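Presented below is the structure to which this report refers.
Just the heavy atoms: all of them, side chains too, but no hydrogens, waters or symmetry mates, feed the values below. Everything numeric in this text was worked out from a predicted model, so none of it was measured.
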Amino acid sequence: MRSYDDDTLPLQPPIRLPDAATLASAVRAAPLAGELKALLDPPDDSQTALPDASQAEQGDEQGDERAGDARVLEAWARVCRARLAADERLLLELIRMFLSREPVAGRVPQALTDLGLVRQAEPYTLSWLGLWVARLIIAETAGQEIPVMGTLAGADAATLLHGLRSYPEAERSEELAGWLAGRDREPAAAEIAGALAGVSPLSRAVGVELLESSLGEEGRRALRGLLAEPRLGAVVAARTGREERRPTPDEIAWVLVDMAAALLEFGGGEAGEVIDSIAMGMDAEEQAGTIAILAFGDHPWTGRVLRVVIDHHPDERVTAAARKALRRLRGLADIRT
């Protein structure tokens, strides 16, 4: 997991992509496809060749069309990486268009159009190939796997929750509906509930929200069954407002860090939100007292949350308490190991 940084790329919403055959057809139709094919390794090297339409037809006859499409896409990915690496302006424009998801009026670099990454009409938008290539590059450079709509239907609950972290409400409902298709509601809710303890803080927050708001009485019943669990039950109660379950003194630090870490995990440098989630309206002296206990909560994100407080909290009393807590946390870690 990446450490906190103001420049951390926020989690990106999902994209929609067609199947590999459609993407491969788009590669073959790209203006530079014929020219760049000659720059690749000889066609008899199946790992690097860019099959033409006749080769694809032969592959269809042999039942290997999927392998042919995969070779086309693999080769084109290398071509695009090489072109973008050689011209940072192209790379920045591709990423800018991907992050904004907005049409661009005026000119865009011709090379992006020639590579088939931008649609050849104004206002310009990324093509399916452009979305596909940008997703690959962001995964390689920023370590973020941007989800593709419709790909989580067969996933286990933990993978589902991890994927849904960046989904807007409408897309989340659509993806959840695909995941629920063919599943009975009660065991589906139980599977999500069973995954909550082992997932990341933001995935856990997503799971609690789904059980509370999207899975009906089965979901709410599954949440009630978690309330007695140490730590997890306290987080569920805090996120759903269940006053019958109060955190024990040794759970308070864990809950505070878990809720702050969910904001931190989303990325984008929203340090103020992280600090506010810990402050809970307390004055600086009270916050300093609360910060002091965080080191004892044994949450895996404690160090990152304390670092945000140290780097961004406006009151020196609180930052001093955070520095002391971080030293104590490291000392306790040494003792545990």
Side-chain angles (χ1 to χ4, degrees), residues 9-33 36 50-51 53 56 59-60 64-84 90-104 108-109 111-121 123-156 159-181 206 267:
L9 182 67
L11 292 178
Q12 294 300 300
I15 60 174
R16 297 180 187 271
L17 289 178
D19 59 22
T22 303
L23 287 171
S25 295
V27 170
R28 296 185 181 98
L32 286 181
L36 292 177
L50 179 62
D60 290 343
D64 292 334
E65 66 274 10
R66 291 185 180 177
D69 292 336
R71 289 195 296 271
V72 168
L73 294 175
E74 182 182 348
W76 200 246
R78 284 197 296 275
V79 168
C80 290
R81 286 189 192 99
R83 284 296 183 99
L84 295 168
L90 292 181
L91 175 61
L92 292 177
E93 181 64 14
L94 176 69
I95 299 303
R96 187 189 69 78
M97 292 181 70
F98 183 90
L99 296 180
S100 72
R101 310 283 178 100
E102 296 290 337
V104 176
V108 297
L112 293 181
T113 301
D114 291 342
L115 289 167
L117 306 184
V118 173
R119 300 185 191 281
Q120 301 179 55
Y124 300 104
T125 59
L126 291 185
S127 65
W128 282 330
L129 276 181
L131 292 172
W132 178 75
V133 168
R135 178 178 182 267
L136 289 178
I137 289 173
I138 288 173
E140 293 165 358
T141 59
Q144 182 180 150
E145 293 287 344
I146 297 166
V148 177
M149 287 293 301
T151 59
L152 297 176
D156 60 29
T159 303
L160 173 74
L161 299 180
H162 180 82
L164 291 180
R165 294 175 305 158
S166 63
Y167 277 57
E169 184 175 354
E171 285 82 358
R172 182 181 293 180
S173 297
E174 179 182 341
E175 193 74 73
L176 178 63
W179 187 81
L180 288 172
V206 169

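Summarising the geometry of Pro31 relative to Gly116, their closest heavy-atom pair is CD-N, 4.5 Å, with the distance given to 0.1 Å. Scanning both residues, Arg172 and Arg165, for their nearest heavy atoms gives NH2-O, 4.1 Å. Nearest heavy atom pair, residue Met97 against residue Tyr124, reads CE-O, 3.9 Å. Contact detail for Trp132 and Leu73: the closest heavy-atom pair is CH2-O, 3.2 Å. Here the shortest heavy-atom pairing between Phe98 and Ala134 reads CD1-CB, 3.4 Å. Closest non-hydrogen pair, Leu152 versus Glu175, comes out as N-OE2, 3.5 Å.
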Exercise. What's the verdict on side chain to side chain contact (heavy atoms under 4.5 Å, CB included) for Arg81 and Arg78, showing C-alpha distance, side-chain angles and the deciding distance?
Worked result: CA-CA 5 Å; Arg81 286 189 192 99; Arg78 284 197 296 275; 4.0 Å; yes

For this session: Give the C-alpha distance, both sets of side-chain angles, the deciding distance and a yes or no for side chain to side chain contact (heavy atoms under 4.5 Å, CB included) between Leu126 and Val118.
Result: CA-CA 4 Å; Leu126 291 185; Val118 173; 4.0 Å; yes

Exercise. Step by step, would you call Val27 with Val79 a side chain to side chain contact (heavy atoms under 4.5 Å, CB included)?
Worked result: CA-CA 11 Å; Val27 170; Val79 168; over 6 Å; no

For this session: Please assess Tyr167 against Leu176 for the test side chain to side chain contact (heavy atoms under 4.5 Å, CB included), listing each intermediate value before the final yes or no.
Result: CA-CA 10 Å; Tyr167 277 57; Leu176 178 63; over 6 Å; no

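Exactly one residue among Ile137, Ile138, Leu115, Leu99 makes a side chain to side chain contact (heavy atoms under 4.5 Å, CB included) with Leu94. That residue is Ile137. Exactly one of Val148, Leu136, Ile146, Ile15 qualifies for a side chain to side chain contact (heavy atoms under 4.5 Å, CB included) with Leu131. That residue is Ile15.
Using a 4.0 Å cut-off between charged side-chain N and carboxylate O, Glu93 and Arg96 make a salt bridge.
Between the CG atom of Leu17 and the OG1 atom of Thr151 there is a distance of 9.0 Å, given to the nearest 0.5 Å. With rounding to the nearest 0.5 Å, the separation of CG in Leu91 from SG in Cys80 is 11.5 Å. Interatomic distance, NE2 of His162 versus CD of Glu145, reported as 8.0 Å (0.5 Å rounding). Here the straight-line distance linking atom CD1 of Ile95 with atom CG of Leu90 works out to 11.5 Å at 0.5 Å rounding.
With hydrogens and angles ignored, the 3.5 Å screen pairs a side-chain donor or acceptor of Trp179 with a backbone N or O of Ala155.
The shortest side-chain heavy-atom distance between Leu23 and Val133 does not fall under the 4.5 Å cut-off. Side-chain contact check for Ser166 versus Gln144: every heavy-atom pair is 4.5 Å or farther apart.
The 12-atom threshold is exceeded at CD of Glu140, counting heavy atoms of other residues, nucleotides or ligands nearer than 6.0 Å.
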